[in-house]
Structure formats: structure tokens, C-alpha cells
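Everything below concerns the one structure shown next.
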Amino acid sequence: MSAQIINGKEIVADIREGLKQEVEALIGQGIRPGLAVVLVGEDPASAVYVRSKAKACEQVGIHSEVYKLPEETSEQELLSLIDKLNRDANINGILVQLPLPKHIHEDAVIDAISIDKDVDGFHPISVGNLVIGKPSFLPCTPAGVIEIIKRTGVSMAGKRAVVIGRSNIVGKPMSLLLLREHATVTVCHSRTADMAAIAREADILVVAIGKAKFVNRDFVKPGAVVIDVGINRLEDGKLAGDVDFDDVVDIAGHITPVPGVVGPMTITMLLKNTVEAAKRAAGRK
Ligand code: GUN
């Protein structure tokens, strides 16, 4: 039997429509959510992501400001911009697109963002709150994955979940969010022995390892929910996920195609966090 292919367009359109209505209502009360997106350097993939984020803001009525800074921007100059944005009442969320040029310390930049505006959920205080289950902005990619899984109708409570990848942006927070949903969670990574055997135990398999078509059918339990966070450019110019979709599609229960689901959901969660930040700033939450 072939897997149900998760329809990203439908889920994203549904959530964004809800956000649009919420933003309209807020604007009616004199509250316009605002997001600042900061891009340093010329990385073409990052430039595409930043444009998509600004366009998505426009779609739901969020005010957005894009700051494109040259590659040679100093750490101090970037920190000064963040300081200005922290104090700007029109800005509720600040996102600095990663990766940053090598001469800038990523940690120093993330630490400088006010936790009230940390819509990426990368600040150490936001991460700490996530670990201990206190309210915080959730990192957008893993939060989007949870929303996608919920919409399959498959319950996570008591299920075996395996996360492949342990990055700070995806793998680690993903494992915490699955735990929060009461799954039994295993994290696999580059040093894991016999990864396929571990992955095959998963009812829910989330793959974020950054290697094209790494996961084939040997990794997949029949009927599992398979979420592919990867996006890799192949030599022929085509995009591929971390999962070998064609090999896995007839064994999984539900599967996300790449591109089209996790990427747009990540941006949608950023919009959601920005609306949330605006409500908190206005004392409506
Ligand atoms: N680079 C890749 N993913 C992300 C993300 O979710 N947020 C930021 N700021 N940079 C990224």
C-alpha cells in the first residue's frame, strides 16, 4: 500500500488564513505585528529564504522589514542593529538568518536578541524554557513538524519516535517537542551504530541529517509517519530531501515530499510566533 502524501499546500493555506484573520483583528485594535529579518552576506539559499519570509508576512498582513547587510559587516555593527531593533516598538520579532559569515560569532548574536522578540526560539533562555516545559517561542522547524504530525491524525502519545540528526536548530528541539507530546524518543546521529535498525522501530521518523536520500526503505517500519526536514541540491540541479522518497513511499503510512511541506510550514510557524509576540507585547496574552 502506498503512503498518504502529506499535502503541505493545504495545511499551510489553512493556518495562514487563520493568522490573516487574527492579524486583521489585531490591526483593528491598533496592533500591527512586525518582523525584522536580517541577512548578512550573499548566500543565495539564505537570500531565497529571506524573500520567502518577507512575502509570507505580506500575505497575512504582518509588517516586515528586511535588513540586507554586506558580507564584511562587523559583529559590532550587527549587534548595534539588533540593539536598535530590540528597542523598536514597531518590531515584535527579530530573525537573523543563519549561517552568518565566519568572522561573526553566532552565539553572541543570538544572545543579543531580546527573548521577547526571539521568534526563532534560538536564545539560550528560550531553549532552557523549552527543556523545562515553560512557555517560550518554539523553534519554527520542529514546531511545524509537530503540527504536520498532528494533522495526519496519528497520535504521538506512547509511540516510538526517532529523530535522525542532532542540530540545535532541528534535531535537539525536535526531540524535546516529541517528548512533550508523550512520545518515546530516540535521537540518532553520525556516530549512531546500526541506525537503520533503530529507525525501523519508529512509528514516527523525523529526518534532519542534511544528506540527500540518506534514508531508504531499510530505515522505515511499515505504516510509519516519515517527516523529511532535509533540502539538498543534487548535481543535476534538482532538490532532494534526506529521505529517498521513491524508495520509501510504498512502505510509509504518511510521508512529506520535498520541497513543499516542511519549508513552508517553518515559515508559517515564524508568522505564528510573530503574532504571538505582538499579542504579548500588547498585553493580550
Ligand atoms: N537557517 C536555516 N534555518 C533557519 C531558521 O530556522 N532560522 C534562522 N534564523 N536561520 C536559519
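Whatever order the structure lists them in is the order used to number ligands and atoms, beginning at 1. Along the sequence shown, residues carry numbers from 1.
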Minimum-distance pair of heavy atoms, taken over all atoms of K213 and A240 = CE-CB, 4.1 Å

So with a 6.0 Å cut-off around NE2 of H189, is the heavy-atom count from everything else above 12?
-> yes

Taking only heavy atoms of V96, which atoms of ligand 1 are found under 4.0 Å from at least one of them?
-> 8 (C), 9 (N)

Does atom CD of Q4 have more than 12 heavy-atom neighbours, drawn from other residues, nucleotides or ligands, at distances under 6.0 Å?
-> no

More than 12 heavy atoms of other residues, nucleotides or ligands under 6.0 Å from NZ of K272: is that the case?
-> no

For atom CD of E58, is the number of surrounding heavy atoms from other residues, nucleotides or ligands below 6.0 Å larger than 12?
-> no

Protein heavy atom at shortest distance from atom 8 (C) of ligand 1 | D120 OD2, 3.4 Å

Using heavy atoms and a threshold below 4.0 Å, how should the contact between F122 and ligand 1 be classified: side chain, backbone, both, or neither?
-> side chain

Heavy-atom nearest neighbour in the protein, as seen from atom 11 (C) of ligand 1, with distance rounded to 0.1 Å = Q97 NE2, 3.5 Å

Which atoms of ligand 1 sit under 4.0 Å from any heavy atom of L95?
-> 9 (N)

For atom 1 (N) of ligand 1, the closest protein heavy atom turns out to be L98 O, 2.9 Å

